[in-house]
Each structure stands twice: as C-alpha cells, then as structure tokens.
Amino acid sequence: MKTDRGIPIESRWSRLGAGFYAAPAPRTPDVERLLLETVETWSDNPRLFPMVVTWLVHYSDFVAKHRLKRLISETNDRERRAALGLLLETAMEFGASRDFRYALEVCSPRSPAVPVYEFQRSNKVFAEIAEETASDLSKKWGLWAPEIELKNDAIRPIGYLLEQNPTLVSRVVRKGDLRASILESLRLDANGEARSESEVARLSGASRAAVGAALKALVLEGAVRVLPREVNRRDHRVVLLPAA
C-alpha cells in the first residue's frame with residue numbers, strides 16, 4: 001500500500017480541488033486516510049477545518065463512508081476520534097451526506113475538553129476565550145472551536161476534480177456507498193483481492209449480509225469477480241476487475 005504521509009496535507013487537498021496555496025500532489029490521495037491525517041495536523045493550521053468541511057459539503061459522495069468508519073474504528077487515539085466526529089457532524093449540519101452517520105457511530109467526544117488549536121491550549125487566557133466562543137457542536141465533541149463559515153469560492157468545480165483524479169469516478173457514481181467502500185478497500189488495502197467475503201466485510205466496515213448484497217450488485221456491474229476457493233468452495237474469493 002502506498003503512503004502519502006511524505007506529501008503535505010495542503011498539496012493532497014489541492015489535488016482534490018481545495019483552494020490551498022500549494023502545488024497539487026503528484027497522485028490522487030487516499031481520501032479516507034487523508035481525512036484521518038488532516039485532523040492530526042489541524043490544531044496547527046486553522047485553515048484546514050473550514051476548508052475541509054466545505055469540501056465535504058460539496059463532494060461527500062467521493063468519500064467511501066463504510067471504509068472511513070472502519071479506519072476510524074482502528075484508531076485508539078481519543079482526540080482523533082473526537083476531531084473526526086466534529087469534522088463530519090459539522091459538514092452534515094451544512095448539508096453533507098447523511099451517510100456520514102455510519103462513521104459517527106465510532107467517534108466519541110474528548111474528555112476533558114480542550115481548544116482545537118494548539119496556540120490556545122498553551123495559554124490560559126486564550127483557552128478561556130476558546131471555551132467562551134466555542135460552538136455548541138464543538139462543545140459536544142470536547143474540542144472548542146468557533147462557528148465556521150464555508151469557503152465555497154475556494155473549492156474547484158467538479159470538472160477539475162474528475163480530470164485530476166479519474167480513479168475517483170467509481171466512487172462518485174456509487175455516491176460513496178458500500179459498493180464504493182468494497183472497491184476502494186480491495187484497491188487500497190488488499191492489493192485487489194480478498195480471500196473471502198468475511199474479509200471483505202472486515203475491510204469495508206459493514207455486516208456480512210450487507211456486503212453479500214453489495215457484492216451481487218458489483219458482480220452485475222462487472223466490477224468484481226466472486227470465485228469459490230479450491231480448498232473450501234463455501235469460502236468465496238473476491239477479485240477486483242481492472243475496469244472497476
């Protein structure tokens with residue numbers, strides 16, 4: 001699996017059409033991992049929170065919601081879980097997909113509460129101001145931040161996003177649903193193949209029954225092939241097809 005950690009956060013978001021003053025990354029980022037890494041660094045960059053919320057409002061169909069849930073569930077970092085809860089619920093309040101509720105299920109508030117931004121945490125007066133001016137939603141998640149304004153003028157149109165990132169088309173045509181999570185989990189986490197439907201369910205963060213129904217749809221779409229294994233023909237291998 002390729003990692004993008006050596007590429008600046010702003011460059012990766014620029015590749016996805018967010019208006020940062022940074023050269024676009026040389027390749028399309030892993031969107032779900034980018035969201036997790038964004039909240040690791042946003043305490044030192046106040047521009048990230050409102051910009052990423054705005055991007056999610058415009059382009060939430062590009063996010064594989066169930067895979068995001070699975071990645072969040074794998075982290076034990078309480079602050080990251082709280083930050084993602086604040087990010088996703090804020091975006092939903094502004095009109096982003098309600099399907100982010102799946103990921104919110106594995107988010108949890110931070111306790112004790114602190115300011116989002118690092119410069120406020122290290123100064124008692126600034127911390128008190130942060131608490132006084134915090135939005136109700138940020139208080140809910142234990143990360144004090146003021147109400148934000150969307151940066152709509154800083155988000156590039158859909159044509160740019162698709163031209164720069166053609167591999168994301170399969171996500172948006174499926175509106176980031178479970179089928180998208182299955183395809184992206186196979187592509188990004190399993191080198192294109194899973195040993196069983198149970199493994200697909202684990203990778204995509206959904207129940208076995210839901211994954212079974214989604215796989216049937218993906219087979220009809222020509223996106224995957226489901227094959228019985230020679231050793232145990234009840235255990236079906238799932239292979240991502242090149243056109244997916």
### Query
Stepwise, does the side chain to side chain contact (heavy atoms under 4.5 Å, CB included) test hold for Ser204 with Val211?
CA-CA 8 Å; Ser204 58; Val211 165; 3.6 Å; yes
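- Side-chain contact, Arg208 with Ser198: a donor N or O sits under 3.5 Å from an acceptor N or O.
- In the displayed structure, Phe94 atom CZ is contacted under 6.0 Å by more than 12 heavy atoms of other residues, nucleotides or ligands.
- Salt-bridge check for Arg179 with Glu221: passed, with a basic side-chain N closer than 4.0 Å to an acidic carboxylate O.
- The heavy-atom pair separating Leu56 from Ala96 by the smallest distance is O-CB, 3.7 Å.
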### Task
Check the pair Arg101 / Glu105 against salt bridge (charged side-chain N to carboxylate O under 4.0 Å, His left out), numbers first and verdict last.
CA-CA 6 Å; Arg101 68 186 186 276; Glu105 292 174 359; over 6 Å; no
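- Counting heavy-atom neighbours within 6.0 Å of Lys139 NZ, excluding the residue itself, gives a total above 12.
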### Task
For Phe49 and Thr90, run side chain to side chain contact (heavy atoms under 4.5 Å, CB included): C-alpha distance rounded to whole Å, both residues' side-chain angles, the deciding distance at 0.1 Å, then the answer.
CA-CA 10 Å; Phe49 184 18; Thr90 301; 3.9 Å; yes
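- Considering all non-hydrogen atoms of both residues, Ile155 and Ala18 come closest at CD1-CA, 4.1 Å.
- The environment of Arg121 atom CZ is dense: over 12 non-hydrogen atoms of other residues, nucleotides or ligands sit within 6.0 angstrom.
- Across Val224 and Val238, no two heavy atoms sit closer than the pair CB-CG1, 4.3 Å.
- In summary, of the residues considered (Arg67, Arg70, His66), a side-chain hydrogen bond (donor to acceptor under 3.5 Å, both in side chains) with Glu32 occurs for Arg67 alone.
- Taking the six-membered ring for Trp and thresholds of 30 and 60 degrees, Tyr59 and Phe62 have ring planes more than 60 degrees apart, a perpendicular arrangement.
- Neither Phe100 nor Leu178 shares a network with the other; the hydrophobic side chains, linked directly or stepwise wherever heavy atoms of I, L, V, M, F, W or Y lie under 4.5 Å apart, form separate groups for each.
- Other residues, nucleotides and ligands place more than 12 heavy atoms under 6.0 Å from the CG atom of Asp44.
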